[in-house]
Novice: 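Below is the structure I would like to discuss, written out as structure tokens.
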Amino acid sequence: MSDTIIEAHGIEKVYASPEGKPIQVIAPTDISVRAGEIVALLGPSGSGKSTLLRILTGLSRPSAGQVLWHGQPFASTQANVAIVFQSFALFPWLTVLENVEAALKAKGMNAVERRKKSLRILDAVGLDGFEQAYPKELSGGMKQRVGMARAIVVEPEVMFMDEAFSALDVLTAENLRGELLELWQSKRIPTRAIFIVTHNIYEAVSLADRIIVLGKNPGKVRTDFRVALPHPRDDKAPEFASVVDHIYKVLTRPQAPVSEFVQAESAAPARNGVPPPYQMLPHARPGGIAGLLEILAEHAGPYEIPRLADDLAFEIDDLLPIVDACSMLGFLTVSEGKLEISPEGRKFSDAGIIVRKEIFRDRALDRITLVRQIARSLASKTDKTLSDEFFHDVLDEHFSEEETERQLDTAIHWGRYAELFDHDAKGRRFFIPEETESPTDAPGVRA
């Protein structure tokens with residue numbers, strides 16, 4: 001008998017934009033969950049982690065492809081799964097015991113049996129003595145213990161956890177992770193596999209037997225590998241740091257976007273009638289870019305990304321867009337999971353505000369397609385103004401409606417900082433202010 005519990009073959013998720021255009025959220029993907037393993041799913045915001053979880057649990061149907069449960073189509077079988085959510089999702093009017101019992105009551109179990117079972121699970125997760133307490137009386141960590149107990153009590157074959165520890169403080173989260181691992185390794189819970197969605201790299205490496213890293217736009221599996229480290233894992237050990245470093249490399253060096261999109265021009269010919277990939281701007285503000293470069297300028301030699309994130313107390317979703325932006329502008333290099341400021345980045349960091357703006361302007365015009373396009377288009381107009389709908393329509397061919405707005409917002413911030421153009425939000429128009437130097441005088445822009 002195969003040890004594969006869930007198999008997803010070529011699953012894809014596509015939504016329709018308000019204009020009716022298809023937006024691919026998840027690219028055709030194969031993924032599996034096997035018995036005896038904890039799987040961690042990592043990825044930046046917008047990579048489709050929660051969407052994949054919903055598809056694998058049967059809460060959402062894929063637009064294409066198929067999900068199998070023990071080799072049978074999901075729709076034709078009764079999948080035995082449970083989910084622990086980030087937001088606790090407890091019934092405030094029920095006691096701790098009643099919250100846990102609710103899951104068994106929904107399954108039709110008699111009152112005596114469900115009470116015995118619920119009390120046993122509450123004891124296992126450290127809530128003995130709190131059976132009659134209400135959620136409002138509990139701390140965040142205790143609420144999440146109730147959520148875990150409610151998931152475990154139905155004896156799911158696969159337990160899914162959607163950012164289950166992210167709303168907790170660092171110590172509480174670490175405590176709960178340790179308790180979950182102890183329950184799993186001691187086989188005090190009947191669950192045969194655990195699937196954790198997280199953005200915390202250390203959490204993934206601490207718990208998982210296997211880690212899947214997603215890329216985004218659309219979501220796709222970048223890497224899927226086993227963690228060959230025995231438990232308990234020492235997060236100070238070189239082997240642990242090596243796995244963390246590997247994941248940071250994958251996340252900071254996307255296979256397609258940054259290096260290829262930097263060189264992609266809007267004028268590049270379509271291949272087989274398909275528009276070329278459009279350069280995607282990381283959502284980082286100039287202030288964040290300047291701050292990171294100042295830190296790197298004061299650091300002797302390359303700065304390991306895991307250590308930088310730890311020193312700054314940053315989560316990956318906070319740090320990576322700034323790293324990507326600096327890399328895209330040529331202010332730093334990323335190699336083997338380490339950041340090193342470039343000569344141009346050091347020049348930027350050491351300069352005063354006026355020179356910084358000039359350096360940023362030159363780099364943006366030279367390397368950032370959207371900023372260059374806006375500047376050139378405005379320079380070609382007699383009145384130096386143009387509706388942002390023009391650029392919205394261009395971006396809309398490559399991104400979702402929400403991402404299109406975010407791309408324009410980032411370009412506006414970068415353009416303003418570089419003093420290349422401004423934007424009238426009410427009138428939805430780009431323009432070159434009269435007091436601003438004409439972009440036609442800036443390098444790389446010709447009317």
Novice: When you look at Arg428 and Asp388, which way does the salt bridge (Lys or Arg N to Asp or Glu O under 4.0 Å) test go after all the steps?
Specialist: CA-CA 6 Å; Arg428 303 273 321 190; Asp388 64 17; 3.1 Å; yes
Novice: Checking Ile212 against Leu52 for the side-chain contact (heavy atoms from CB on, under 4.5 Å) test, could you report, in this order, the C-alpha distance in whole Å, the side-chain angles of both residues, the deciding distance, and whether it holds?
Specialist: CA-CA 12 Å; Ile212 301 169; Leu52 262 180; over 6 Å; no
Novice: Would you say Asp234's side chain and Phe240's backbone share a donor-acceptor pair under 3.5 angstrom?
Specialist: no
Novice: Flag the pair Gln373 / Leu370 as yes when at least one side-chain heavy-atom distance between them is below 4.5 Å, and no otherwise.
Specialist: yes
Novice: As an exercise, state the distance from CZ of Phe421 to CH2 of Trp414, rounded to the nearest 0.5 Å.
Specialist: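 Atom-to-atom, Phe421:CZ and Trp414:CH2 are 11.0 Å apart.
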Novice: Determine the sole option in Leu41, Ile26, Val213, Leu214 for which the side chain to side chain contact (heavy atoms under 4.5 Å, CB included) test with Val221 is passed.
Specialist: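 So the option named by the test is Leu214.
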Novice: Could you tell me if the side chain of Gln144 sits less than 4.5 Å from the side chain of Leu138, heavy atoms only?
Specialist: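 No. Closest side-chain heavy atoms not under 4.5 Å.
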Novice: What closest approach, in Å, do Leu122 and Ala149 show between heavy atoms, and which atom pair accounts for it?
Specialist: CD2-CB, 4.1 Å
Novice: Indicate the ring-plane relationship of Phe331 and Phe360, choosing parallel, tilted or perpendicular according to the 30° and 60° boundaries.
Specialist: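 Geometry flag for Phe360 against Phe331: tilted rings.
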Novice: Does a donor on one side chain sit under 3.5 Å from an acceptor on the other, for His283 and Thr410?
Specialist: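 Note: His283 and Thr410 side chains meet the donor-acceptor criterion.
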Novice: Between Phe430 and Phe391, how do the two ring planes meet: parallel, tilted or perpendicular, split at 30° and 60°?
Specialist: perpendicular
Novice: Return the NZ to CZ distance between Lys216 and Arg222, rounded to the nearest 0.5 Å.
Specialist: 12.0 Å
Novice: Which is it for Glu182 and Arg188 under the side-chain contact (heavy atoms from CB on, under 4.5 Å) test, yes or no, and what are the steps along the way?
Specialist: CA-CA 8 Å; Glu182 184 182 346; Arg188 294 169 64 194; 4.3 Å; yes
Novice: Tell me whether Glu174 at atom CD has more than 12 heavy atoms from other residues, nucleotides or ligands lying less than 6.0 Å away.
Specialist: no
Novice: Using every non-hydrogen atom in the two residues, find where Ser377 and Leu386 come nearest and quote the distance to one decimal.
Specialist: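 Looks like CB-CD2, 3.8 Å.
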Novice: For the atom pair NE2 (His9) and CG (Asp30), what is the distance rounded to the nearest 0.5 Å?
Specialist: 7.0 Å
Novice: Ignoring hydrogens and angles, tell me if any N or O in the side chain of Asp123 forms a donor-acceptor pair with the backbone of Asp128 under 3.5 Å.
Specialist: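 No; zero donor-acceptor contacts below 3.5 Å.
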Novice: Quick check: closest heavy atoms across Ala284 and Pro321, and the distance to 0.1 Å?
Specialist: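 Closest pair (atom of Ala284, atom of Pro321, distance): CB-O, 3.7 Å.
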Novice: Can any side-chain N or O of Arg372 pair as donor or acceptor with the backbone N or O of Leu365 at less than 3.5 Å?
Specialist: yes
Novice: Can you give me the closest heavy-atom contact between Pro230 and Arg233, atom names plus distance?
Specialist: O-CG, 3.2 Å
Novice: Working to the nearest 0.5 angstrom, can you tell me the gap between Thr198 OG1 and Ile211 CD1?
Specialist: 10.0 Å
Novice: So with a 6.0 Å cut-off around CZ of Phe390, is the heavy-atom count from everything else above 12?
Specialist: no
Novice: About how many Å separate CG of Leu320 and OG of Ser327, when rounded to the nearest 0.5 Å?
Specialist: 11.5 Å
Novice: Hey, does Leu408 have a side-chain heavy atom less than 4.5 Å from the side chain of His423?
Specialist: no
Novice: How many angstroms lie between atom CG of Asp3 and atom CZ of Arg34, to the nearest 0.5 angstrom?
Specialist: 6.5 Å
Novice: Can Arg120 and Glu113 be counted as an ion pair, charged N to O under 4.0 angstrom?
Specialist: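 No, Arg120 and Glu113 are not salt-bridged.
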Novice: For Ile341 and Leu293, which heavy atoms make the closest approach, and how far apart are they?
Specialist: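 Here Ile341 and Leu293 meet closest at CD1-O, 3.5 Å.
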Novice: Would you find a donor on one side and an acceptor on the other, under 3.5 Å apart, between the side chain of Trp184 and the backbone of Thr191?
Specialist: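 The answer is no, because no donor-acceptor pair under 3.5 Å joins these two groups.
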Novice: Any side-chain to backbone donor/acceptor pair from Arg114 onto Met109? Under 3.5 Å, distance only.
Specialist: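 Yes.
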Novice: Sub-3.5 Å donor-acceptor pair from the side chain of Ser60 to the main-chain atoms of Arg54, do we have one?
Specialist: no
Novice: I want to check something: taking the side chain as every heavy atom from C-beta on, are Leu68 and Pro73 in contact at a cut-off of under 4.5 Å?
Specialist: yes
Novice: Has Gln72 got a side-chain atom pairing as donor or acceptor with Trp69's backbone, closer than 3.5 angstrom?
Specialist: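 Not at all, since once roles are kept as given, no pair shorter than 3.5 Å links the two residues.
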Novice: Would the distance check show the side chain of Glu131 and the main-chain N or O of Gly129 forming a donor-acceptor pair, the cut-off being under 3.5 Å?
Specialist: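 Flag set: sc Glu131 to bb Gly129 pair under 3.5 Å.
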Novice: Would you mind reporting whether Tyr15 and Val25 have side-chain heavy atoms less than 4.5 Å apart?
Specialist: yes
Novice: What I'd like to find out is whether the side chain of Ser32 reaches to under 4.5 Å of the side chain of Arg210, using heavy atoms alone.
Specialist: yes
Novice: A side-chain contact here means heavy atoms from C-beta on lying under 4.5 Å apart; do Arg115 and Leu97 qualify?
Specialist: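 Of all side-chain heavy-atom pairs linking Leu97 with Arg115, at least one is under 4.5 Å.
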Novice: Do Glu340 and Leu296 have side chains that approach each other closer than 4.5 Å (heavy atoms only, starting at C-beta)?
Specialist: no
Novice: Please identify which of these residues, Asp209, Leu207, Ile38, meets the side chain to side chain contact (heavy atoms under 4.5 Å, CB included) condition with His231.
Specialist: Asp209
Novice: For a quick test of reading the model, state the closest non-hydrogen atom pair linking Arg192 to Ala35 and the distance between them.
Specialist: NH2-CB, 3.3 Å
Novice: Do the side chain of Lys116 and the main chain of Ala111 share a donor and acceptor less than 3.5 angstrom apart?
Specialist: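 A pair under 3.5 Å: no.
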Novice: Is Phe130 atom CZ crowded by more than 12 heavy atoms from other residues, nucleotides or ligands, each under 6.0 Å away?
Specialist: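 No, not enclosed.
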Novice: Does the side-chain contact (heavy atoms from CB on, under 4.5 Å) test come out yes or no for Met148 and Leu176, once each step is laid out?
Specialist: CA-CA 10 Å; Met148 287 170 57; Leu176 272 182; 4.2 Å; yes
Novice: List the steps, then state whether side-chain contact (heavy atoms from CB on, under 4.5 Å) holds for Leu332 with Leu292.
Specialist: CA-CA 10 Å; Leu332 61 76; Leu292 177 59; 4.1 Å; yes
